[in-house]
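Reminder, nothing fancy here: chain letters follow the sequence lines and each chain counts from 1. Just so it is clear, the values below take in all heavy atoms, side chains as well, and ignore hydrogens, waters and symmetry mates. This structure is a prediction, so every number in the text was calculated from the model and none was measured.
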Number of protein chains: 2
Amino acid sequence: MPRPKVHDDALRARLLDRAGEILSTTGPDGLSLRALAADVRTSTTAVYSLFGGKPGLLRAVYDEAFRRFGERLSTAGTSDDPAEDLVRLGLRYRDSALADPQFYRVMFSGASGVEPGEESRRASARTFSPALDIARRGVETGVFGNDSPEQIALASWGIAHGLVALELRGDLPVDVPVAQVYERSLRALVDGWRR
Amino acid sequence: MPRPKVHDDALRARLLDRAGEILSTTGPDGLSLRALAADVRTSTTAVYSLFGGKPGLLRAVYDEAFRRFGERLSTAGTSDDPAEDLVRLGLRYRDSALADPQFYRVMFSGASGVEPGEESRRASARTFSPALDIARRGVETGVFGNDSPEQIALASWGIAHGLVALELRGDLPVDVPVAQVYERSLRALVDGWRR
DNA sequence: CCTCTTGTCAGAACACCGTTTCGATATGCT
DNA sequence: AGCATATCGAAACGGTGTTCTGACAAGAGG
């Protein structure tokens, strides 16, 4: 039999961790396989045997980021007021994104040819489902009008994503009180669905 | 005196044009200075003397893209119903983005370290002002309630940007009628501002 | 008319990247 | 002990953005 395996799951985890760290400070372009391998005291070959290459590595980080993001959103909690819950979920969306902007960027700004893949599709759907659940409750309980839960949830996702993306890119006018504008926007949108 | 100038404004324009074409089909990473220079039958040095390097070139394309985007939005036209105008502006925002997705990506997804710069800040502000004007009219005429025009315009910008970004990334569920959801979302948001 | 000076530009050189190839390695089996 | 073989680190390859350098061309001065 051959020599003992070194490119194992433990190494995979270490690479993933360190890649996430580098990525969250420098962005995808600043992540070099050579530097990463040296950091973890292995060779670039490890990245290829474990992830298939740089896109594979990024996809893995991306999947992990999406998983955590979905987890945060799914623990937002609910009350008996779906409209308020939707606002609260939106606020949590922003908090989660601002907690690690580079991760958010990797997830949603699609740099360096990161193709989602099956796993991430599911994670993406899971990210979306809390909003959908709340919207459904809102429609069922008659808080919202005649629109479909999908419609309502998508719009909420859209405005949260849009404002956060603009904020992270610094495209918002400098003097706006972002948090306040953000929350007020969510409320206006939610109010628009009321029956 | 030295030899006659070849790296002039005409060459600059040709480089910019061709860079835009390549960029709109392959994205920023697929744009190679060597290939670009060969296409325009000059050397890579031209890019450095005219744009300072690849980031400078991308920023120039970015500026141009933003300029055109702002132009399209500023010609959206107005009626005597600010609420409807805001929806129409949003629809035009999406049309403009979908007309050349790669340009939109360069503008808003911040790939390859494109730092906006002064010129683009102004262009960005100009992109935003049509929405602001409409919102102002809506507040003045009493169509909208007590919110500031900035608040209203920013929220509109946010939801348009967010939904378009999600659509372009393919992050929307595949079976949704995007155009319809998009318009309905805009209307819900606008309705939320009504007094 | 012929240097000479001087800014300009094309191409070579450099450092780095992601990826592929390949030879040394270290084990279990014969 | 020797062999077969999966494994992995290091070197090689083709590409990138960027910098360096030497050939160049035109006006100035003799």
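- Considering only side-chain N and O atoms, H7(A) lies under 4.0 angstrom from the phosphate OP1 or OP2 of dG9(D).
- The nearest heavy atom of DNA chain D to K5(A) and to P4(B) marks one nucleotide each, and the one closer to the 5' end goes with K5(A).
- Contacts of L36(B) with the nucleic acid, taken as non-hydrogen atoms under 4.0 Å apart, are absent.
- Backbone-only contact: S32(A) has heavy atoms under 4.0 Å from sugar-phosphate atoms and none from a base.
- Taking atom CZ of R41(A) as the reference point, atom C1' of dA10(D) lies 17 Å away to the nearest angstrom.
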Mind running side chain to side chain contact (heavy atoms under 4.5 Å, CB included) on Q151(A) and V176(B) for me, showing each step along the way?
CA-CA 9 Å; Q151(A) 164 71 61; V176(B) 301; over 6 Å; no
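- Outside the 6.0 Å centre-distance limit, the rings of Y62(A) and F69(A) are not counted as a close aromatic pair.
- Between T141(B) and P82(B) there is a side-chain heavy-atom pair separated by less than 4.5 Å.
- Residue T44(A) places no side-chain N or O under 4.0 Å from the OP1 or OP2 atom of dG9(D).
- Remark: P of dG17(D) and CZ of R59(B) are 16 Å apart, rounded to the nearest angstrom.
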Starting at the 5' end of DNA chain C, write a dot or bracket for each base, bracketing those in Watson-Crick or G-U wobble pairs whose two distances are under 3.5 Å and using | for partners on another strand.
||||||||||||||||||||||||||||||
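- At dG9(D), one or more side-chain N or O atoms of S43(A) fall inside 4.0 Å of OP1 or OP2 (strictly under the cut-off).
- Contact check on E64(A) versus R59(A) returns no salt bridge, with no Lys/Arg side-chain nitrogen under 4.0 Å from an Asp/Glu carboxylate oxygen.
- Separating the CZ atom of R34(B) from the C1' atom of dA13(C) is a distance of 10 Å, rounded to the nearest angstrom.
- Checking the phosphate oxygens (OP1, OP2) of dG9(D), a side-chain nitrogen or oxygen of T42(A) falls inside 4.0 Å.
- Taking atom CG on D29(A) and atom P on dT18(D), their separation rounds to 12 Å, with Å as the unit.
- Put simply, CG on D8(B) is 8 Å from P on dC9(C), counting in whole angstrom units.
- Look at CG on L33(A): it is 12 Å from P on dT20(C), rounded to the nearest Å.
- Which of dT18(D), dA6(D), dT19(C) sits closest to the side chain of R3(A) comes down to dA6(D).
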What do the steps show when you test L89(A) against Y93(A) for side chain to side chain contact (heavy atoms under 4.5 Å, CB included), and what is the final call?
CA-CA 6 Å; L89(A) 182 65; Y93(A) 183 100; 5.9 Å; no
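- Two rings, from F108(A) and F66(A), have their centers less than 6.0 Å apart.
- In this structure, OH of Y48(A) is placed 19 Å from P of dT7(D), rounded to the nearest angstrom.
- Between the CZ atom of R12(A) and the C1' atom of dC8(D) there is a distance of 18 Å, rounded to whole Å.
- Both L23(A) and L98(A) are assigned to one and the same hydrophobic cluster, defined by single-linkage of ILVMFWY side chains at heavy-atom distances under 4.5 Å.
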